[in-house]
Structures are given as structure tokens and as C-alpha cells.
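Within every chain, numbering begins at 1; the chains are lettered A, B, ... in the order of the sequence lines, protein sequences first and strands thereafter. If you're wondering where the values come from, they're calculated on a predicted model, not measured in any experiment.
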Amino acid sequence: MSDIKITLPDGSIRNYPAGTTGLAIAQSISEGLARVALSIEVNGEIRDLNRPILSDSSIRIFTWNDKGGKYAFWHSSAHLFAEALEALYPGVKFGIGPPIDNGFYYDVDLGDKTFGEDDLAKVEAKMSELAKKNSVFVRRDVPKAEAIAYFEKKGDPYKIELLRDLADGSITFYEQGNFTDLCRGPHIPHTGLIKAVKLLNVAGAYWRGDEKNKMLTRVYGITFPKQKELEEYLIMIEEAKKRDHRKLGKELELFAFSEKVGMGLPLWLPKGTVLRERLEQFMRKAQIRAGYDPVVTPHIGAKQLYVTSGHYEKYGKDSFQPIHTPDAGEEFLLKPMNCPHHCEIYKVKPRSYKDLPIRLAEFGTVYRYEQSGELHGLTRVRGFTQDDAHIFCRPDQVKGEFIKVIDLVLHVFKSLGFENYTAQVSLRDPANKEKYIGEDSLWDKAEREIQEAADERGLKTVAVKGEAAFYGPKLDFMVKDALGRSWQLGTIQVDYQLPKRFELEYVGSDNQKHQPVMIHRAPFGSMERFIAVLIEHCAGNFPIWLSPEQVAVLPISERFNEYAEKVIQELKNQDIRGFLDDRDEKIGRKIRDAEVKKVPYMLIVGEKEAQEGAVSVRRHGAGDQGTLSLAAFVGQFLTENSMPVTA
RNA sequence: GCCGAGGUAGCUCAGGGGUAGAGCAGCUGAUUCGUAAUCAGCAGGUCGUGAGUUCAAAUCUCAUUCUCGGCUCCA
């Protein structure tokens, strides 16, 4: 057999007999690598380690440290799960079982059986038992007819449905132990590598993601090559749960919900309101600098307004229903969007090309009837406030304006320490054009403009089809919460449709009427969601300028309350948000309580401080900072307290 | 909206057919204290809501509501 040339990632080239395997290559490099190798990338395609390599190739061997390795590991774990499930509950029908960012899931049809906590433990145990058998994952090409026959005999209708969409000749089976699955692979060499198994939760999931289909049972799980890594992962999850904004929001008294008020309708408590208003001030300032004009519009609008905008047709039936008045036929809608109102502001007078761009900004509270199962803390609510603005500009200004908005969004993210965001270009789904309004040419134009603007600012973007708004494409800034769920914060949208529907116009230099273009944008997105993610991002330890309670003044004993009062009064005179803890408690207790409340600064005052006009400074999480004169502390604090401003 | 799991004091949770418990928080008193919890006492719940089974329901059944985990949706 002739030799083939294998190019390694470092560029070196080695000769191997044709038909060698990834495992053999790994072994030739080092036994250690062979032990931890999970999959191999051959000319860009990730494959099994034991699949023969027939021609010259560049390869990269993946281990647990590579995404490609983890995916193969978790994909194989899904198969192991299926094998265990089938062993325990014969007759289970299988859907799909892919690897995901953290583990894997498998969608299964258990018939009448409900699957609970006890079952998870049972299947977990079975998986561990089967893993120890070191079953090899065997890949096999299968003709389509044979594949269908196999699953018909087995009684797996979902697999047959999947097979119908696959071309004959491209179908492979993987078999390990007593389980055979339709699968493209790749898989790890054998089940014995899976040393730690945890099934995390059970959920419902529609077959093929379509709510018209049957709901299957989805079991999420994760596995590791070492028991210790599983333990670390579980600890990490526990830690993440501590950052959950719903938990911290309660503990820090930022917001609350009440069944009596209604689900999904947040109540902002005093401390949460301070935080929220600080953010609002920050945005107002940035927007004034960027040339926006603040406006205010009512919370309701006549139904016809939304019929004109198209929102009524699109969302009317599954939304808050119209408000009726004593006048027959008169109907108002709670505003679900601010844009129609802003369009009418644009229309109050004729506009010249010289007036554009016009940037109308409003912290507009909107109401949307989200599906009950969708509500989630502050991230998904039925009443929320957008830091909304609409830019009305000439076609030649679109890109420039778009870029300016990108800069504003990036300024916001940078000021608040959001570094891990994804810039998502949300395009329409070409397969479902009826979901959108407007001509193809304008959509293409808008989509192009967004991509160009993002490129011009050097944003690394991910394009996702089907995520556009019904009237136009978007650039969405996605950020993950503590538990890894992705949320849309900032959004920028180019819109050629509403100007048309509202018959917006301006007089050009040619003395002719033209249609402006609208850019919808909200850097925070919604105050509620932004704050939710912010809370999780900083684990409730807000930057000083946002902190609801900035300074706790803690007298050593009642004898120093009088001096403490003077200190707190001075802080208030300087617009510093402080409070006095004059409870009859020991200083250790007062410090503990302030630490738990995540108050950034504690000023401890006793005999010495009272005499010297000083304060003993303690920083949250950092401990004793020594003693300063009150004036020196105030000076230092005010410097640190400044709100970030646009460069 | 769909599938599944839950709801016991302000918070975190135990109890699981015989009429409710802990810790923290709260209140009262004592203590006057130097960098993450002083001590003692008191008070606090129609066990989410409504029906049903039962001599008896927080506990079993059903319905309903809200919460949680996903799915679908997200202007």
C-alpha cells in the first residue's frame, strides 16, 4: 500500500500508509495524545479517529480541549444515553440527539410514560454501567432502503421521517453495544472514555421544532472524561445560579412581581429605581451629545395607528386586546411600539432635506402580550421601557447614521463592561417571505447597508436568517446571562416600510418630495432586560455610579451616632447616596450586613474618627482601606463616582 | 400556548391523613461594642386558590392560578 502525506497543524508533514487512522497518527505522535484524542479534523471535516484516511490530508487531532473533541464526546454520550434508555424502557422512539454547547440532549417519545427525577437517576446509573463496557462506535454506510427497513422493523417513525430527507448514499449508521442509530457522526473511539455522567433536566420539545407537531420529551445531560470535571461543572452551575437576577433582584430589593398586579409586570422598588434612573440619565446624556431630541408620547394609541403601521395585522390577535371607550366603535391599543407615534411627530410639519437626520428619542414604555410560558424575570416581561429612538434620514445618510448608532451601542457596552457580546445580523428567512412586508429590492438594500456598516466598524458579525423584524433587517447585540441563555440587548434596524406606510416625506434639494429612511434603535434594548443582564454580569456588585446605596456609615456604638449623622449629612450634601446604620448592633454585624447588601463603601466611625473629623474606609469585598479625613474621602469618592461619558 | 416539575412564616427550607416546624429577618429587653452574624424573650402561616374523598386533608383526587426548566414565539 502506498504512503500518503499527512500535514500536521504545525505544518510538518509525515508519511503514513494509506488507510491509516487518526488514532494511529495520534499514537505515532505520542501515547499521551492517543489516550486523550477524541476526534480528528481531516481537511476541515471532523471525523472519527478510527476511520481510515485514504489520501494526502491536513489533519488536526481534537481532544477534550477542542470544541470538535467535546462535540464528538457529547454526541457519543447522547448515543450512550439512548442505549441506556432503550435498555430500561424498551419500545422508546427516538427523535434527534445532538451535542450542544454544554452537553447534549436527546428527544424521545416515551408513549404514555412520564419521565421524572427518579428516571434520570436510573438512566444515569445505566449509562455509567454501559460506558464501562468500552463499546466501540462502529460506523457503517447503509443504503437508504435498508436504513428505512431497519427503523420500520424497530418501529422508529421519527428516524424514518429524518431518512426521507436524506439522499441515498449519504446515510451512515453508528453502532455501539446494543444500540444502532442513524447518525452522521463523528464519534469518540469507545464509550469507556465517558467517565462521568449527569442528566440535568427534562423538558418538552416539539418534534422538528414545530408547534404543530407532537411534543417529545427532551432530556438534557452532560458528561466528562473525569469525575472531577463533572463536580467542578456542577459547582459552576451553582455559582451561576447565585448571580441569577431574579434571586439578586429579590435579595437586593431592586424589583418585585405581584400576582395581583399581573404576571410579567415588574414593580420597581426604590433601590432598583435608583439604578434604573442612573442608567437612564447616562443614556440621555449620551443621546443629547449624539444629536437626539427627546420626545414623549402617550401609552395608548388609536387602533388605526397600528393598522397603518402593520403591527395590528401582524400581532393584533395575540396581543393585549383593544381598549374600548363609551363611544361605539372607538378603540385604542396599549402601545406595543413607539415608532408609529414618532412617525406622527415627524409629520407635524413639512421637512426639508436640510433638517435630516431627525433623531427622536424616548424612554417609551410598551406593552406586549407575551405568551405565558415565555415570561422570565425581567428579561421577558409584558410591560417594559425601551430606550427607543427613531432616526429619520435621507437614503444617502443611512450608512453614516447606522455607524454612529453602532458607536453608541459599543460605548454603552464598554462603559458597563460587556465584552462578550455577539453582533448578530438578523436577516429575513428567504423561505418564508410572506412573514415580511415590503419589496425584495428594499430588503436587499437594507440588509446590505447593515452588513456594510458593521464591517466598517470592524464588528465580527454572525448572520442569522429568519431573525429580522417583519419590516426590516436588524443588527442585534446578543449577550448571555449567568446560565448561558442568550438575550438580545441593543438593536439597530433599517426600515424602508414604515416611512412608506405613514407617507413620510421631505423636500429635496431638487424641490421634489422624497421618502426618508427610518432607523429604529435601542442601545439597551429594554431597561428591564438590560438591567437583568447587568445584574448577572456584575453579580449585583454595580459600578459605583450605578449603585443604589453607595456608602454605609457605620458608627461603632450609639455614642458616635451624632458624628455619624454629620458624616451622612455631608455625603448627602455632595449628592452621595449614603445611609446610616445606627442600629444597636456590634460593628462586625453592621459590616457584615453592608457587605451582604453589596454596598461599595463602608465608613466606620468611632472615637478616633469623631475626634479627627475622619472616617475609616472599608471597600466592599476588599476590606479595610485605612483612615481618611472626611473631606479627603468625599473628594476621592466623587472622582470615582463619575458617570462614563462619550469620548 | 405546549410538555414536565413545583408553591408550607418576609426570606431559605423541613414535615407528608390526626388539626404546623427550624434558621435568618421582624418586635421587645439587656448589652455600648473597632472591620463579615452579642444574648434572651416575643410575635408571625385559613400550608397558592376552589371544590371533592374522609370521622379527620398542609398531606389523597380534580380543577384553577402563579413560579421554575425547556419548546414554540419575541414588533
Side-chain angles (χ1 to χ4, degrees), chain A residues 105 107 110 114-117 119 200-220 241 244 246-247 250-251 253 256-260 262-264 306 309-316 318-319 335-340 366 368-377 379-382 386 388 426 437 467-472 474 476 483 485 487-488 491 493 495 498 520 526 529 554-561 584-596 602-609 616-627:
Chain A
Y105 68 79
D107 285 347
L110 293 152
T114 53
F115 202 77
E117 293 284 314
D119 299 290
L200 298 162
N201 48 48
V202 190
Y206 298 109
W207 168 238
R208 306 201 117 182
D210 189 333
E211 62 182 324
K212 292 182 202 79
N213 288 340
K214 180 168 180 180
M215 185 160 267
L216 306 180
T217 302
R218 174 171 295 179
V219 179
Y220 285 89
K241 281 183 183 161
D244 190 317
R246 292 166 297 188
K247 185 175 163 63
K250 197 182 274 180
E251 285 170 6
E253 298 180 8
F257 289 90
S258 148
E259 270 190 49
K260 259 190 182 135
M263 60 204 284
Y306 302 100
S309 70
H311 289 101
Y312 187 80
E313 194 198 338
K314 181 84 182 161
Y315 298 103
D318 26 55
S319 194
K335 80 173 164 186
M337 284 296 286
N338 303 301
C339 25
V366 297
R368 298 176 184 178
Y369 189 80
E370 305 290 358
Q371 295 182 40
S372 60
E374 272 314 324
L375 301 176
H376 183 100
T379 50
R380 196 78 187 271
V381 287
R382 285 180 170 167
Q386 297 176 312
D388 207 1
S426 300
I437 57 172
E467 289 295 309
F470 73 93
Y471 50 76
K474 309 188 285 178
D476 293 324
L483 292 168
R485 291 175 287 224
W487 299 97
Q488 176 207 299
T491 179
Q493 314 169 3
D495 179 7
L498 284 193
H520 308 239
S526 91
R529 181 178 289 177
L554 313 178
I556 297 282
S557 82
E558 235 169 64
R559 296 197 290 130
F560 312 107
N561 282 357
D584 183 11
E585 291 289 351
K586 302 207 327 204
I587 193 65
R589 174 53 177 275
K590 294 183 185 181
I591 287 170
R592 186 190 141 76
D593 288 349
E595 288 280 353
V596 168
M602 286 149 272
L603 300 182
I604 290 134
V605 295
E607 179 116 48
K608 202 166 61 137
E609 290 79 7
S616 173
V617 181
R618 186 188 163 98
R619 187 78 168 85
H620 169 72
D624 195 349
Q625 307 288 297
T627 304

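Summarising the base pairing, B:U67 is matched to B:A5 through a Watson-Crick or G-U wobble pair whose two defining distances lie under 3.5 Å. With a 3.5 Å ceiling on both atom-pair distances, B:A56 lacks any Watson-Crick or G-U wobble partner. B:A43: no Watson-Crick or G-U partner with both key distances under 3.5 Å is found in any strand. Across all strands shown, B:G21 pairs with B:C13; the Watson-Crick or G-U wobble distances both stay below 3.5 Å. Checking B:A30 for Watson-Crick or G-U wobble geometry (two distances, each under 3.5 Å) identifies B:U38 as its partner. Pair assignment for B:C62 gives B:G50, based on Watson-Crick or G-U wobble hydrogen-bonding distances that are each under 3.5 Å.
Taking 4.0 angstrom as the limit, A:R246 places a side-chain polar atom (N or O) nearer than this to OP1 or OP2 of B:G69. An OP1 or OP2 oxygen of B:C3 is reached within less than 4.0 angstrom by no side-chain nitrogen or oxygen of A:R218. Residue A:R619 places no side-chain N or O under 4.0 Å from the OP1 or OP2 atom of B:U35. For B:A36, the OP1/OP2 oxygens have a side-chain nitrogen or oxygen of A:R618 closer than 4.0 Å.
Here A:I587 lies in heavy-atom contact (under 4.0 Å) with sugar-phosphate atoms only. Contacts of A:M263 with the nucleic acid, taken as non-hydrogen atoms under 4.0 Å apart, involve only primed sugar atoms and P, OP1 or OP2. Backbone-only engagement by A:Y220 is indicated by non-hydrogen atom pairs under 4.0 Å involving sugar-phosphate atoms exclusively. Residue contacts for A:G310: at a heavy-atom cut-off of 4.0 Å it reaches no nucleic acid atom on any strand shown.
Only the C1' atoms considered, B:G50 is 15 Å distant from B:C66, to the nearest whole Å. On the C1' atoms, B:G45 is 15 Å away from B:U49, given to the nearest whole Å. If you take atom P in B:G15 and the same atom in B:A22, they sit 15 Å apart, rounded to whole Å. Using C1' as the reference atom, B:A51 and B:U12 are 32 Å apart when rounded to the nearest Å. The same atom, P, is picked in B:C68 and in B:C11; the two are 14 Å apart, to the nearest Å. Separating the C1' atom of B:G44 from that of B:C24 is a span of 14 Å, rounded to the nearest Å. Comparing B:A25 with B:U38, their P atoms sit 9 Å apart, to the nearest whole Å. B:U61 and B:U54 have their C1' atoms separated by 12 Å, with the value rounded to a whole Å.
You'll find a donor-acceptor pair under 3.5 Å spanning the side chain of A:Y206 and the base of B:G1, going by distance alone. A donor and an acceptor atom sit less than 3.5 Å apart, one in the side chain of A:R592 and one in the base of B:A37. Judged by atom type and distance alone, A:R559 does not reach the base of B:U32 through any side-chain donor-acceptor pair under 3.5 Å. A donor and an acceptor atom sit less than 3.5 Å apart, one in the side chain of A:E609 and one in the base of B:G34.
In the set B:A75, B:G70, B:G34, B:G70 carries the atom at the smallest distance from any side-chain atom of A:A203. Listed nucleotides B:U35, B:A75, B:G69 differ in distance to A:H376; the shortest reach to its side chain belongs to B:G69. Closest to the side chain of A:E585, from the set B:G69, B:U38, B:U35, is B:U38. Nearest nucleotide to the A:Q493 side chain, out of B:A75, B:G34, B:G4: B:A75. Between B:G1, B:C33, B:G69, one nucleotide has an atom nearer to the side chain of A:N201 than all others, and that is B:G69. With distances taken from any side-chain atom of A:K586 to the nucleotides B:U38, B:A36, B:C74, the minimum falls on B:U38. With B:G34, B:G69, B:C66 as the candidates, the nucleotide lying closest to the side chain of A:E259 is B:C66.
Look at NZ on A:K590: it is 12 Å from P on B:G34, rounded to the nearest Å. Computed from coordinates, the A:I556 CD1 to B:A36 C1' distance equals 14 Å when rounded to whole Å. Distance A:E558 CD to B:G34 P: 15 Å, rounded to the nearest Å. With rounding to whole Å, A:R368 atom CZ is found 8 Å from B:C74 atom C1'. One can place CZ of A:R380 at 10 Å from P of B:C73, the figure rounded to the nearest angstrom. In this structure, A:D593 atom CG and B:U38 atom P are separated by 9 Å, rounded to whole Å. What separates CD of A:Q371 from C1' of B:C3 is a distance of 14 Å, to the nearest Å. Counting to the nearest Å, the P atom of B:C71 and the NZ atom of A:K212 are 18 Å from each other.
Between A:R208 and A:D210 there is no salt bridge, since none of the side-chain N atoms of the basic residue sits less than 4.0 Å from a carboxylate O of the acidic one.
Closest approach of A:Y306 to A:P340, counting heavy atoms only: CE2-CG, 3.9 Å. What you find for A:N213 and A:Y206 is that their closest heavy atoms are O-CD2, 3.6 Å. Shortest non-hydrogen contact noted between A:E609 and A:S616 is OE2-CB, 3.4 Å. The two residues A:Q488 and A:K474 have their closest heavy-atom pair at OE1-NZ, 3.3 Å. Here the closest heavy-atom approach between residue A:I591 and residue A:I604 is recorded as CD1-CD1, 3.8 Å.
If you find the closest nucleotide of RNA chain B to A:F257 and to A:C339, the one lying nearer the 5' end belongs to A:F257. Of the two residues near RNA chain B, A:A469 and A:D210, the one whose nearest nucleotide lies more 5' is A:D210.
Heavy-atom neighbours of A:E313 CD from other residues, nucleotides or ligands within 6.0 Å: at or below the threshold of 12.
For A:R380 (side chain) and A:L375 (main-chain N/O), no donor-acceptor pair under 3.5 Å exists by modelled atom type. Side chain of A:K590 to backbone of A:P555: a donor-acceptor contact under 3.5 angstrom is found.
Per the stacking criterion (ring centres < 5.5 Å, plane angle < 30°), A:Y315 stacks onto the base of B:A75.
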